[in-house]
Each structure stands twice: as C-alpha cells, then as structure tokens.
Amino acid sequence: MIEQVKGTKNISGEDSLKFLYLKDLFHSNFSQNGYNYVQTPILEYKNLFNKSIGESSEIVTKQMYELIDKGGRELVLRPEGTASIVRYHSEFNKDTTNKYSYFGPMFRYENPQKNRYREFNQAGLEIIGLIDIFTDFQIINDSFNFIQKLIPGTQLKINTIGSIKDRENYIKVLHNYFLDNKSDLSPESLEKLDNNTLRILDSNNDIDSGVINNAPNISDYINTESKNNFDSLLKLLSSINIGYKIDNSLVRGLDYYNDLTFEFHTPDNIVIGGGGRYDNLSNILSLGNFKGVGVAFGLERIMDNINAPVSEKKCYLLGSNIENIVKYSKLLDDHNIHYCKPSRLSKENSQFKEANNLNVTYLINTNEDTIKNLLTKETMDFDIRVLNEN
RNA sequence: GUGAUCGUAGCUCAGUUUGGUUAGAGCGCCUGGUUGUGGUCCAGGAGGUCGCGGGUUCAAAUCCCGUCGGUCACCCCA
C-alpha cells in the first residue's frame, strides 16, 4: 500500500464544498474590490525566502521544502505568499501601486498536528507601491469584512512594532532584560535569547510568564510618527465600529514586518489569519524601494470553523434501457439542465437509492417516461417544463 | 527535531492481554427476487499483502526490532 505523503491532505466530501465555496467567495469579493488575482509559481528560488522571512527564523532554517532541480537550481516549495507577490510586483509593476490577491498551496516541513499541515492553502491580499495609513486601513477593513461574514465573532488583534530602527533598539533593551533574568526563563526561551529575542514574548510557557509580564514594553520604544499613525488607524477602525484588541506581544513570525502587525482570532482563539506592513521587504530583497501591506488567511483553519454550504443537486436520471436514457440525457443537455445519472445501467432499486442519497428533488424515470418529485412523492408524466420552471 | 498514542474489508470497529483450524461483525456495495405506499424486505455474493520490512517460533493480526503513515502535544506557526 502506497501511503500519502506525510502532512498532506485530500480535500474531499464536505471539505470540497467548503473549499470551492471559499474560493468563489474570495475571488468574487476581492476582485470586485479592486484586488487583481495573481497566481505566482509554487516553485521559487530559495533565496527569495531566506532573505525575506529572515535567516534565523525557523521557517527558513528548518521548515522549507528544498530541492535541487536537474539544472542545479536551489528551489523551494513556497512557504508563504507575500515574498512571491513582491517579486512579481518588482518584475512587472515596479514604480506603480497595485492591489493583489492570491490563493493557493503553501508548504512547510514540520510535524503535522491540529491546524497544521505540510501542505496547506492560504488566501491573501497585498497592496504594494506608494502607500499610507489609508492603505493599512483598507487591508484591515476589507479582510475584516470578509472573515466576519464567514466566522462571526472573529476578533482583530493589533499592534505596532515601530520602525526597523525602533525594533533594533527595543530588541537590544529586551535582550539585556532577559539576560538579567536568565535564571527565570524556560529552556526553550533561552534558546531564542540571542537570535530570536522578540519571540520570547510569544511564549506560553508558565515559567516565562512572570518575566514576560515585567518586560519592557515595545510601546515605550516606538517613534512618535509610528505611534501617531497607529493611533490614527485605531481611530479610523473605531469610527466604523471595527472592534480590536491591542496586543503588545504580537510580533508575528516573519522578520520583514514593521509598524503594523495584526491577527484574526476565532472565538475559540485559533489564529486564522494575519498580516502587517512591510516597508523594507523590497530593500531586503534588493528588488527596489517600495512599500507594502498585506494579510493572509489559513484556509484549512477557516474550513474548520464554517458549515458546509448545501449542495444543490436537483435532478436524477434513472434508467435501465440504454437508448432511452441516452435520449433523455441528450434532451437535458440541450436544455442546459444539471442532473445526476447512474454510472452504469445498474439495478433500478440501486438507482433509486442513489437518487435518495444525493438528495435530489426530481427523479426522471426513463423506463416509464415519468418524473417524480421526491419531496411530495408525486409522480406524473414526464414534462421538461417541470424542470425549467425551477 | 522531540514525545505520547494508533494502523485488521470501501467505512466504523471486534479479535492482540494469555501466539494455535479456511481472520469476524455492522454499515455500504453487487446479483436474483419482492416492493408502485418505488428508498422496504428476503435470499445469495464479492471484497482483507491484518500499513510495510525483518526477527523469534513447529506456528505470528497477536511477541520483539526497524520503518512508513494517522491523531495529538512540544518546538514553531497559518
């Protein structure tokens, strides 16, 4: 028996309905709001990510699906979407400002568990170019509306981590503070002390909670302009009744963020999406000098929190005489009526059962030229108008 | 990368503790009949490298080792 590759998933059954529903909703919603759908390659050069996400981050050091192709290229299966969109923007739309949406699989080499797979799907938005606080606002506003429709009660958590410079200063202060309190930190946090200081703040180990609670607060190290921008953004959000919760420990896993960071949490406190501002990413990648802000959603996590839409299968074509059923089939095709039919000319009883399991409304019996409404249990002579009316 | 736990028919599972005939059940599937209050019911049938590979034994689904995969947690993150 050949088993499935570890951490991959087949989207089937109810999940298929959810997935297709999400895909449709995402595309129609955001293309109508001016976001251009871009499908970038799943394969990218490794360099795109170890520069952008940050060489010290675990995504880069341990979690990339790497491969060397026959031409000796160092490739990876993309672990996230933003860097690819930034690359696309610099190649084809540099010096313009654009809105993008993307939707597709991402890959991270890590041990699977609940809400975490090696292959998973993300849907995201990016606005790249010359941008300002109104840009930040609309990314949050548009994605908030989208996710609220799907999962009411989703909470917005928001933070500002200041400029890159502020962050460097803050990390120094934080580093010194943690050094002084080294003895009270968990072993896991100690490992992060030198190369990933900020993420110690994210620790949910009880051992760390005391030290973290008394740690210097990032808001004291943020420049005035960033602070003012953040305050204006919060005011804008409040003015249209978007609720939020400020969370100073929200630093997110990717190095390229500055100022704005935010996440969406379900009522059960599952992170289903997040994003932020990345004014330096283009510089880090030597792709130019433009700013960006974006958001990404984890589709499997959303699927886990919504109900499957009802599938509408209306009609079943039953028959055991091949000439008859082919004739009806052609008639329905010509009228553009959707219908299900048996895979082969099986027992009539089996076809009845299948029709019932599919929850169709109408059963066309080609053996006797009748149509039956399975809801009302009425049988009548076949008449195509019955189907056209509905 | 670490740890816990699981893997027997398409699905849900029994059998593993204490090794011993041709490995079972329910659901589903197929065939024939029945049924027009059409989905029921009756009879029969197909379907299993017991995840995979080694080992121990006269004998392994059962014991041992390894490995792959599922689930969950840590790490990390969507």
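In what follows, every chain begins at residue 1, and chains take the letters A, B, ... in the order their sequences are listed. Source: prediction; values computed, not measured.
Comparing L318(A) and F297(A) by the nucleotide of RNA chain B that holds the closest heavy atom to each, the one mapping nearer the 5' end is L318(A).
Criterion: ILVMFWY side-chain heavy atoms under 4.5 Å apart, direct or through other members. Under it, F134(A) and I139(A) are part of a common hydrophobic cluster.
One atom, CG of N357(A), and another, P of G28(B), lie 9 Å apart when rounded to the nearest Å. Remark: P of U71(B) and NZ of K9(A) are 9 Å apart, rounded to the nearest angstrom. Rounded to an integer number of Å, the gap from NZ of K114(A) to C1' of C74(B) is 17 Å. Regarding E110(A), its CD atom lies at a distance of 13 Å from the P atom of C75(B), rounded to whole Å. Rounded to whole Å, the distance from CZ on F352(A) to P on G38(B) is 8 Å. What separates CD of Q4(A) from P of G70(B) is a distance of 7 Å, to the nearest Å. When the C1' atom of C6(B) is taken as reference, atom NZ of K6(A) falls 14 Å away, rounded to whole Å. Distance CG (N349(A)) to C1' (G32(B)): 12 Å, rounded to an integer number of Å.
For Q113(A) against G70(B), a side-chain-to-base donor-acceptor contact under 3.5 Å is absent. For C30(B), its base never sits under 3.5 Å from the side chain of R344(A) at any donor and acceptor pair.
Stacking between F120(A) and the base of A78(B) is present: ring centres sit under 5.5 Å apart and the planes differ by under 30 degrees.
Between K353(A) and the phosphate of C29(B), there is a side-chain N or O to OP1/OP2 separation shorter than 4.0 Å. For S350(A), a side-chain nitrogen or oxygen approaches OP1 or OP2 of C30(B) to under 4.0 Å.
Across every non-hydrogen atom of Q351(A) and S346(A), the tightest pair is NE2-O, 3.0 Å.
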* To do: Please step through side chain to side chain contact (heavy atoms under 4.5 Å, CB included) for the pair Y244(A) and Q155(A), ending with a clear verdict.
  => CA-CA 7 Å; Y244(A) 58 84; Q155(A) 193 181 37; over 6 Å; no
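Taking the six-membered ring for Trp and the full ring otherwise, F30(A) and Y37(A) have centroids separated by 6.0 Å or more.
Salt-bridge annotation for E110(A) and R118(A): absent, with no side-chain N of the basic residue lying under 4.0 Å from a carboxylate O of the acidic one.
Nucleotide U35(B) forms no Watson-Crick or G-U wobble pair with any nucleotide shown, as no partner meets the under 3.5 Å limit on both distances.
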